[in-house]
Each structure stands twice: as C-alpha cells, then as structure tokens.
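In what follows, every chain begins at residue 1, and chains take the letters A, B, ... in the order their sequences are listed. Here the structure is a predicted model, which is why all the values come from computation and not from measurement.
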Protein chains: 2
Amino acid sequence: MADEDDEGGEGGEGGGTGLPASLEMAWGLRERPGKGPRPTLTLPRIVETAVTLAAGEGMDAVSMGRVAKELGVSTMSLYRYVTAKEELYILMSDAGVGAPPALPPEADGWGWRELLSQWAFDQRAVLMANPWILRIPITGAPVSPNQLAWMERGLAALADTGLGEGEKISTIILIGGLVRNEATMAADMMDAIVKSGVSPDQVLGQYVRTLRLMTGPDTHPAVTRLLESDAFTGSDEPDFQFRFGLNRILDGLATRVASGRTDGDPGPGPGPGPRPGGV
Amino acid sequence: MADEDDEGGEGGEGGGTGLPASLEMAWGLRERPGKGPRPTLTLPRIVETAVTLAAGEGMDAVSMGRVAKELGVSTMSLYRYVTAKEELYILMSDAGVGAPPALPPEADGWGWRELLSQWAFDQRAVLMANPWILRIPITGAPVSPNQLAWMERGLAALADTGLGEGEKISTIILIGGLVRNEATMAADMMDAIVKSGVSPDQVLGQYVRTLRLMTGPDTHPAVTRLLESDAFTGSDEPDFQFRFGLNRILDGLATRVASGRTDGDPGPGPGPGPRPGGV
DNA sequence: CTCTTCTGTGTAAGTAATACACAGAACTAG
DNA sequence: CTAGTTCTGTGTATTACTTACACAGAAGAG
C-alpha cells in the first residue's frame, strides 16, 4: 500500500480547487479540451448508470466492472472519467440526494424550528427513497454541489436564531447525523427482513427472544425492563424513534436560543461540574 | 419458531439463540466438544490478534489471510472458529469497546443527566482510543456481551426519569449515534491529517479555501457567512461540537422529563401542525 | 482397536481494483 | 494537406481478498 507522492493528495491540475477532476466537472468548471477523439461517455451518464444499478440491485452490485458492462464499455474506460471508485461513489451520492426540494408556500411565516424540522424530514425522505446512499461510507467533509446545497438550506434555517456560526454548523451536523443514523437503522432492518423473508415483527421478535436468553434481571435489570415492556411490540408509530430524537434536539435548541447564549461554552463535560472525562 | 430446516440464515445448532457459534462462545455458552484433535487456536487469541493488527495498522490491514499469517496458521483454519469475516468483526468490536468502566465513587448522588453524560463521554473515550472500531460497519442490533453491557449502563442511567421504555431506548440510540458520529468525524480528520502529512489547521484551511471557490454570497449566503466567521479557525475548544450536541440533547431531554410526559407522542412532524412530510 | 468427530490445510474458484502501454481518433499548427 | 499533439477506449496483467471443498491426520468414545 504505497502512499501518494507528496502534493497533498488530491488531483493535480484544474481550477486549483484541490478537488479531483470529476468533481470540478460536477461543479461545471473545466470543460472538455477539444483535442482528442470525442468521448463515448459522459460523467453524468456513468453516474446515472451506477445510480440505477444501485437502486435496482443495491450498492454491492456497483463495481467498476459491472457499471462498465452496463454501459457497454470496458472496465478501464471508466478510469478516463473518474480516478478511483470512491470518486464515483461521491458523485453517486450527490446525484442520489439531489437538490433540496422547494419549500412549501406557507413556509414564509415559519420560524427556525419549523424550517429545520422540514429540512430533517426532507432529508430523511430522500434517504429512505434511495437507501443505497446509506451504504456509501462518508469519507470527508461535503464538497459536491447538492451536498452543499443541503448544507446551505440547513444553515439558512438557523439564520435568525442568534446562534453563533460554530453553533449553527454543529447543529446541522448533529441533525444530519441523526437523520442518517435513523435512516440507516431502518434500512438495516429492511435488509434483514428481505434477507430472512419474514415480517418486521418477526425480526424484532427474534431479537427480543435472543436478548432474553442472554440477559436477566440480575445482570441486566434495565434491559430486562425494556424487554418486558411493549417498546418492541407496539409498532403503532413507525417514526417514533426519529421524531422523538429530532424533537428532543429541537427542544434543547429552543432552550439555547431562548437563553440568548452564543458560542462560548457548549455546556459541561461529564459528571457534575468540570471533571476530566472518564476511562 | 422451534422447527426449521431451512432455518432463516443464522447458525445451525447450539443454544437455540439464533446466534452464530462464535458469538455463543463469547457468551460462554457452548463448550468445546472433547472429540477431535485439540485446537491450536482459541477464539480469544484470534480476536486479540486481529485487534492488535487493527490497532497497529488500521482496519484495512485486517484480512483473513493477514490475521492467519500473524498467528502462524493457514488462512482457512480461521474458518473453523468463525463462519465469516463479518463475524470476526463483531467479535473485534466487542473486544474493542470492552466492558463499561466503573463509575467514580461520587457518582452515587448523580442524577440521570450526569450519569448519561458520563456514559457518553466514556463511550467516546473508548472510540477515540480505538478508532479502528469506527471502521467496522454496524450490521445489526447489538448482541455481543460488552455491547449489551454498555446498553444496560445507558438504560440504567435513565431508570428514574419516568420516561417510557420506548423513550429510553430511543434516547440511548440517539446519544449512541451522536457519540459514534462525532468520533467518526474526528477519526476521518485524523486520517486526512496523517495521509496528507499536514496539520489539522491546514486541512481545515484547505477545506475552507475549496468551499470559498465553489460558493458565494449569491448562491450560498449562509455558507458564506459560516466561512467568513471564525468557526473553522478558532480551534480553542476541540470538543466543542461533541459537547454542544450532547448538551443540546440533554437539555431537550430535561424538558421532556420535567414535563412528565411518557411514551405517546414523540412530538410533531415537519412544519407547523400535523402535515405529511415533504419531498 | 475401530469409529467417529473434529482439526488444520492446500487448492482453487470467483470477484475486485487498478497500473500500464498501445492503437487510433480528432484537433491544431504549419 | 501534413505532422504533431493530445486524448480516447481497450486488453493485459498484477495484486489482494473471501470462501467452498475435500483430504489427512489427531483425539477421544465404544
């Protein structure tokens, strides 16, 4: 596993953005040099093909060879458009999330809470409609057009909260993480259901049954209480977990906004008072 | 589900837990049948070797072949102890997180907030000390001993909050997700620093410089405001993001606990009032 | 002592990412 | 028009990885 030469790492020339060529392409910088033979493919077509494949057969089906076959070209030709598989993944992600949807007209009078809530639900809807996105590991900070558009929308929702910029971006990351986590768990569940061929209740039931065998009131009193409750059986509110988490965060944010505090102290560390954290 | 021959997917015999053999072993069920030749290896030794490797060279270095080589055995011999690589990963995770540390003596008088905060900080410390754990994708609900011990500890912190069991587990998942997200971002950053060989400030600076080129006050006003602030440069508080997120969640939880509400309504959906979510 | 069961192992199949060099296309400079 | 330049798609080959399968031999059971 040799490492790159020096040069920071990322792509060589281009607009000096430090981004790989394919991403500069996605931003509309860098047009095609009119020199060589006309390309058979285009980046959008490659990405679209890969996305279709991912949507249809899951992310596991997306290999360079497979995408190339789908396009009717050789595997290596893809590397004329993308320098590594991971780069294709980034472009797929960007295409998959798309641009954030327009706000409904009545959003005019909304405050930050409604805007942020809508932002979270919109994002979640996109992820649940394209679960393969969740199988692409996040490699770094967002740099693609649509990802940044979502970030813009999120930050904009917090514009008039009086929060500091550091707090705003922290909030966006916090809620974005929540959305992704919850969507991932839902997708995992869905996968388990599909793979085992049984119903959601049965999957959950099997899990509860397994836990019952490993735990007991002596060693795991709190878990036992959980298992004895109807928390797993009562599936009346499928969104419960997501909505609960989101609303707790929004509540906490409301406290902060009302307090008029900006940056500075994020809040105490572990335990009561200032103590260095455990372990 | 007592009967079966197709048997869904998981392991065949054993304690009827539905868990693979290696995991039952980790729970102490299932002892070695005294029949065949004495095994050269033990599961703990394999896991320990893999963990050492992961800690030293990163998760990428952990392949079945490499672990076997490290142990001085053939690749295939590992499959006598583990049915798939993913199973080894689960065991590595469990070993990596270890048992939750003992609470400090003064924790006796702590309330749920302090207990939960300590829980989060403890978990974060473990992940930051063993960042390779973060490279193991989560495949399903926790079933290994230490994972469950952490879950027990988390639920126990919420014991006297009056929250419903569904709310408790949602809270644990929420905060667990936060911890993992933040630790993963920190680890990603660390990786970027190591790979590029430059300082954290330079990595952040490069990112800001890149964003400046793609965004502008017209298309991305909120992002522009962020970039013009000192949110990225002022690295006075390295923990800021984590503490901010955690304390916002705890604040929101405090509101909920004080309100005396239990299960039932997790809170509203997107937008003001009951509206079906967007897109 | 024989049988059964379990061990470690070699071999090989299948998949995957990607480095490298080459033939030929399309444009540009003269 | 011609030569040169640059860019295209491609075949080949390398490296690495997971895992199915069958076999030889060890250790206890009867």
* To do: Would you mind telling me which of A/Ile46, A/Leu41, A/Thr42 makes a side chain to side chain contact (heavy atoms under 4.5 Å, CB included) with A/Pro44?
  => A/Thr42

* Asked: Any donor and acceptor pair, going by atom type alone, linking the side chain of B/Thr219 with main-chain N or O of B/Thr215 inside 3.5 Å?
  -> no

* Which heavy atom of A/Ala21 sits nearest a heavy atom of A/Arg30, and at what distance? ->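 For A/Ala21 and A/Arg30, the tightest heavy-atom pair comes out as CB-NH1, 3.2 Å.
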
Does [X] reach the side chain of [Y], with side-chain heavy atoms less than 4.5 Å apart?
| X | Y | value |
| --- | --- | --- |
| A/Trp132 | A/Asp60 | no |
| A/Met151 | A/Leu155 | yes |
| B/Leu19 | B/Trp27 | yes |
| B/Phe232 | B/Asp201 | no |

Check the side chains of [Y] and [X] for a donor-acceptor pair under 3.5 angstrom, ignoring hydrogens and angles.
| X | Y | answer |
| --- | --- | --- |
| B/Glu24 | B/Thr17 | yes |
| A/Ser22 | A/Glu87 | yes |
| B/Thr49 | B/Glu70 | no |
| B/Thr52 | B/Glu48 | no |

Using nucleotides 10-14 of chain D, report all nitrogen or oxygen pairs with the protein that are shorter than 3.5 Å.
unit_1 : atom_1 : unit_2  : atom_2 : d
D/dT10 : OP2    : A/Ser74 : N      : 2.8

Integer-rounded Å distance: [N] [atom2] and [X] [atom1]:
| X | N | atom1 | atom2 | answer |
| --- | --- | --- | --- | --- |
| B/Tyr79 | D/dC17 | OH | P | 12 Å |
| A/Tyr81 | C/dT18 | OH | P | 18 Å |
| B/Leu88 | D/dT19 | CG | P | 11 Å |
| B/Leu71 | C/dT7 | CG | P | 16 Å |
| B/Lys85 | D/dA16 | NZ | C1' | 11 Å |
| B/Lys69 | C/dG10 | NZ | P | 12 Å |

* Can you name the residues that form a salt bridge (charged side-chain N to carboxylate O under 4.0 Å, His left out) with B/Arg45, not counting sequence neighbours? -> none

Any N/O pairs under 3.5 Å between the protein and nucleotides 27-30 of chain D? List them or say none.
unit_1 : atom_1 : unit_2  : atom_2 : d
D/dA27 : O4'    : B/Gly36 : O      : 3.4
D/dG28 : OP1    : B/Arg38 : NH2    : 2.1

* To do: Write out all pairs satisfying salt bridge (charged side-chain N to carboxylate O under 4.0 Å, His left out) with one or both partners inside residues 127-152 of chain B, taking only residues at least two apart or from two chains.
  => B/Arg135-B/Asp188, B/Arg135-B/Asp191

* the helix from C/dC1-D/dG30 to C/dG30-D/dC1: angle between its terminal axes, five pairs each, to 10°? ->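 Between the axes fitted at each end of the helix from C/dC1-D/dG30 to C/dG30-D/dC1 lies an angle of 0°.
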
* Asked: Does any residue of residues 44-62 of chain A have a heavy atom under 4.0 Å from DNA chain C, and if so, which ones, in number order?
  -> none

